[in-house]
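In what follows, every heavy atom counts, from backbone to side chain, and hydrogens, waters and symmetry copies are set aside. By convention in this document, chain letters (A, B, ...) are assigned in the order of the sequence lines, proteins followed by strands, and residues within each chain are numbered from 1.
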2 protein chains.
Amino acid sequence: MALDADAVVAELAARGLRLTRQRRAVVDAVAASRSCLSPLDVFQQARASCPDLGLTTVYRTLELLDEIGALRRIHGPSGCERLVPASAEHGHSVVCSACGRVTEFTDCDMAVVLAAASRETGYRITGHFLQLSGLCAECGAAPDRGRPARRRAKA
Amino acid sequence: MALDADAVVAELAARGLRLTRQRRAVVDAVAASRSCLSPLDVFQQARASCPDLGLTTVYRTLELLDEIGALRRIHGPSGCERLVPASAEHGHSVVCSACGRVTEFTDCDMAVVLAAASRETGYRITGHFLQLSGLCAECGAAPDRGRPARRRAKA
DNA sequence: CCTGAAAGTGAAAACCGTTTTCAAGAGGAG
DNA sequence: CTCCTCTTGAAAACGGTTTTCACTTTCAGG
Ligand SMILES: [Mn+2]
Ligand SMILES: [Mn+2]
Ligand SMILES: [Zn+2]
Ligand SMILES: [Zn+2]
């Protein structure tokens, strides 16, 4: 599901829930982001437009958006508690290792790989989690002038 | 790197480290496992053969084995702090959604998918994290008689 | 308008997996 | 044996997440 207010409103309404001022701020903060965010990041961003927002509500809203399928969890080197807006039903993330930008890609034809995996392991494959890393167009084009790589949490 | 005592000894020695009784117990516990383990799981398993083992040492040893490349981190639905022995240089895990068994597969030709992703996003792709889920041969063959699905942490 | 029920909220406390600290315990080299 | 480095476990500290709780908001029904 795409992460925009209208779609979220509809999905929430279907469950008898509301899009409050606070939830709206969280949705907007995640939707506006071009890189992956921690819950604390979301909190700080969202507070700009909703100063009385509480961190508790951020966690609650993120869980809600996750259930709805409006965001994707990113698997980082030290945990997978990073979040990114989902724009398509089925999509995967590509993370730029230089600047941290995250882009979604949907043209994912895994049939060949899945068949090979099935052959090798004997499993019947029903799902896949795929996340790519590399250099975004900007960082790849001017590697020397690129902004310094983001400091990774903990690592 | 394969996760067996000999290989670990060699790798540790190269760093001036030793394979102590405690580390040995941790290595054996991880190596013997057919599904993914939490650090606490490892602790409990390893304690069987080394009762005076401390949880701190388990964490330290797991980090060591991770650096060495002797284990793989698995991305679960509620975090990615699960561990699995690595048997090949480059490999991915397939997790059985019925019984939890984890198998590694190495025949992973992602060239086509990676090219498509690069075309769609403009990134130069340099790495991929792939994890599959499905039914293992045993669970797929007799879905009715399969052991009940494992209870997932938290979820 | 009231009014009651259900949804929603933030601060504070609890929780819990992980990391750090610290003093003690191996154990190999010389 | 002696020195020095590696190693260890208990306990404390840490930090992100979840729970609790008293309070507020929203809204449908009367
Ligand atoms: Mn896909
Ligand atoms: Mn691969
Ligand atoms: Zn970039
Ligand atoms: Zn199975």
Legend entry - Sub-4.5 Å side-chain heavy-atom contact between H75(B) and R82(B): no
Inset, instruction - Using whole Å, report how far CD of Q22(B) lies from P of dG25(C). - result: 14 Å
Inset, instruction - Tell me whether L130(A) is reachable from V112(B) by hopping between hydrophobic residues (I, L, V, M, F, W, Y) whose side-chain heavy atoms are closer than 4.5 Å. - result: no
Inset, instruction - Would you kindly give the CG-to-P distance between L62(A) and dG8(C), to the nearest whole Å? - result: 15 Å
Legend entry - Nearest-Å distance for atom pair CZ/P, residues R18(A) and dT25(D): 12 Å
Inset, instruction - Decide, yes or no, whether a salt bridge links D66(B) with R72(B) under the criterion of side-chain N to carboxylate O below 4.0 Å. - result: no
Legend entry - Between C1' of dC6(D) and CZ of R60(B), the distance in whole Å: 11 Å
Legend entry - Whole-Å distance separating the CD atom of E63(A) from the C1' atom of dG8(C): 15 Å
Legend entry - Nearest-angstrom distance from the residue atom CG of L53(B) to P of dA10(D): 9 Å
Legend entry - Nearest-Å distance for atom pair CG/P, residues L19(A) and dT25(D): 17 Å
Inset, instruction - Answer yes or no: does atom CZ of R24(A) have more than 12 heavy-atom neighbours from other residues, nucleotides or ligands under 6.0 Å? - result: no
Legend entry - CD (E89(A)) with more than 12 external heavy atoms under 6.0 Å: no
Legend entry - DNA chain C-proximal residues of residues 9-17 of chain B, any heavy atom under 4.0 Å: none
Legend entry - d(CG, L83(B); P, dG17(C)) in whole Å: 14 Å
Legend entry - Working for side chain to side chain contact (heavy atoms under 4.5 Å, CB included), residues H128(A) and H90(A): CA-CA 11 Å; H128(A) 62 273; H90(A) 180 103; 3.3 Å; yes
Legend entry - Nucleic acid contacts - residues 38-49 of chain A versus DNA chain C, non-hydrogen atoms under 4.0 Å: none
Inset, instruction - Only one of L37(A), L62(A), V84(A) passes side chain to side chain contact (heavy atoms under 4.5 Å, CB included) with L71(A); say which it is. - result: L62(A)
Legend entry - Earlier contact from the 5' end, DNA chain D, for R23(B) and T56(B): R23(B)
Inset, instruction - Kindly say if T20(B) contacts the phosphate of dT8(D), meaning a side-chain N or O under 4.0 Å from OP1 or OP2. - result: yes
Legend entry - Chi angles and distances behind the side chain to side chain contact (heavy atoms under 4.5 Å, CB included) call for R23(A), R60(A): CA-CA 9 Å; R23(A) 284 177 182 164; R60(A) 288 192 278 231; over 6 Å; no
Inset, instruction - May I ask you to check whether T61(A) and Q22(A) show a side-chain donor-acceptor distance below 3.5 Å? - result: no
